[in-house]
Amino acid sequence: MLHTEDLVVQFGGVFALGGVNFDLNQGEVHCLIGPNGAGKSTFFKVVTGQIVPTRGRVSLSGDDITGKPSAQIVRRGIGIKMQTPQLFDEMSVEKTIWLGAYRTAGKAKAQQRADELIDELGLSSVARSEVGKLSHGVRQRVEIASVLAGDPALILLDEPAAGMGKADVAFMAELILKLRGRHSFLVVEHDMAFIRSIADCVTVFHQGKIFLEGKCDDVLSDQAVKDIYLGKGRGNA
Ligand code: ADP
Ligand code: MG
């Protein structure tokens with residue numbers, strides 16, 4: 001579904017990505033991990049159209065989307081949730097989700113879609129509240145709802161569990177498991193327990209390259225992967 005070929009991003013003398021060949025299959029929850037500076041955010045930004053790669057290609061279901069602007073990528077069925085919230089604090093929860101639905105489903109279907117999502121994400125009690133008055137965990141939920149409103153085939157999440165309490169993390173994990181199959185997910189995340197609870201497969205980035213990928217349990221129990229988190233990995237020794 002999502003495919004990259006020899007993706008290179010160079011910032012001055014630094015290769016943030018040094019030739020990444022990545023595949024995500026339809027219906028899977030695919031997590032991206034790796035130590036600080038590994039290139040995860042850069043990869044995320046190339047796929048979401050925020051960075052144009054120095055070299056290489058990104059394709060979505062066979063269509064070349066390399067270097068296309070984010071708005072166009074979203075229209076092709078990719079939902080993007082950045083790490084920092086992209087919400088308007090003064091807008092109500094209801095209106096925020098309605099807007100997300102309106103943009104893609106149109107006026108006739110927007111209200112119904114918004115109502116469904118408010119219900120599905122347990123936001124009924126705060127539907128009339130201003131987004132800025134909510135806790136971080138609930139805001140994250142509102143943001144996911146506004147991404148889901150567009151019914152994207154592929155959803156990209158940058159650190160969805162970061163800064164959240166245990167109950168909110170558990171809610172997010174359950175939600176992803178419930179939605180999987182209907183949507184595919186690419187998730188950049190640090191929280192290993194969260195990754196264990198949602199991921200089908202895991203790709204480990206290290207120094208701008210794919211270090212290892214495979215089934216979640218195999219990758220997370222790999223000694224070489226543990227070593228790179230401790231700074232003992234290949235090239236760091
Ligand atoms: P991660 O998200 O895995 O922590 P990043 O993708 O943010 O890693 O960074 C990968 C490498 O690229 C790092 O060495 C980082 O310092 C460098 N880098 C990232 N963004 C920029 C930028 N805008 N300008 C210069 N160097 C950058
Ligand atoms: Mg990062």
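Just so you know, ligand 1 is whichever comes first in the structure, and atom 1 is the first atom listed for that ligand. Note that the structure is a prediction, hence the values are computed from the model and not measured.
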Exercise. Does a side-chain N-to-carboxylate-O contact under 4.0 Å join Asp168 and Arg141?
Worked result: yes
Problem set entry | Which residue and heavy atom of the protein sit nearest atom 23 (N) of ligand 1, plus the separation | Phe11 CE2, 3.7 Å
Problem set entry | atom 21 (C) of ligand 1 within contact range, any protein heavy atom under 4.0 Å | yes
Exercise. Can you tell me which residue and heavy atom of the protein come closest to atom 8 (O) of ligand 1, and the distance to 0.1 Å?
Worked result: Gly39 N, 3.1 Å
Exercise. Can you list the steps and then say if Ile155 with Ile80 is a side chain to side chain contact (heavy atoms under 4.5 Å, CB included)?
Worked result: CA-CA 6 Å; Ile155 299 177; Ile80 304 166; over 6 Å; no
Exercise. Would Val47 and Phe11 show up in the same hydrophobic cluster when neighbours are defined by side-chain heavy atoms closer than 4.5 Å?
Worked result: yes
Problem set entry | Identity and distance of the protein heavy atom lying nearest atom 5 (P) of ligand 1 | Thr42 OG1, 3.6 Å
Exercise. Phe171, Val142: one ILVMFWY side-chain cluster at the under-4.5 Å cut-off?
Worked result: no
Problem set entry | Under-4.0 Å salt bridge between Arg57 and Asp6 | no
Exercise. What protein heavy atom is closest to atom 14 (O) of ligand 1, reported as residue, atom name and distance in Å?
Worked result: Val14 CG1, 4.0 Å
Exercise. Does the protein put any heavy atom within less than 4.0 Å of atom 16 (O) of ligand 1?
Worked result: no
Exercise. Closer than 4.0 angstrom: is that true for some heavy atom of Gly34 and an atom of ligand 1?
Worked result: no
For this session: Please lay out, stage by stage, how Ile195 and Ile33 fare under the test side chain to side chain contact (heavy atoms under 4.5 Å, CB included).
Result: CA-CA 9 Å; Ile195 291 168; Ile33 65 169; 3.2 Å; yes
Exercise. Does the side chain of Leu24 reach to within under 4.5 Å of the side chain of Leu154, using non-hydrogen atoms?
Worked result: yes
Exercise. What is the closest protein heavy atom to atom 7 (O) of ligand 1, and at what distance does it sit?
Worked result: Ser41 CB, 3.8 Å
Would you give me the side-chain donor-acceptor pairs under 3.5 Å for residues 91-102, sequence neighbours excluded?
from  : atom 1 : to     : atom 2 : distance (Å)
Ser92 : OG     : Lys95  : N      : 3.0
Glu94 : OE1    : Arg128 : NE     : 3.2
Thr96 : OG1    : Ser92  : O      : 2.7

For this session: Please name the pair of heavy atoms, one in Ser70 and one in Gln50, separated by the smallest distance, quoted to 0.1 Å.
Result: OG-CG, 3.9 Å
For this session: Identify, for atom 12 (O) of ligand 1, the protein heavy atom at the shortest distance, and state residue, atom and that distance.
Result: Ala16 CB, 3.2 Å
Problem set entry | Distance below 2.8 Å from the Mg ion (ligand 2): protein N/O/S atoms | Ser41 OG
For this session: Starting from atom 4 (O) of ligand 1, locate the nearest protein heavy atom and write down its residue, its atom name and how far away it is, to 0.1 Å.
Result: Gly37 N, 2.7 Å
For this session: Could you tell me whether Phe205 and Phe43 have their ring centroids closer than 6.0 angstrom?
Result: yes
For this session: Classify the angle between the aromatic ring planes of Phe22 and His30 as parallel (below 30°), tilted (30 to 60°) or perpendicular (above 60°).
Result: tilted
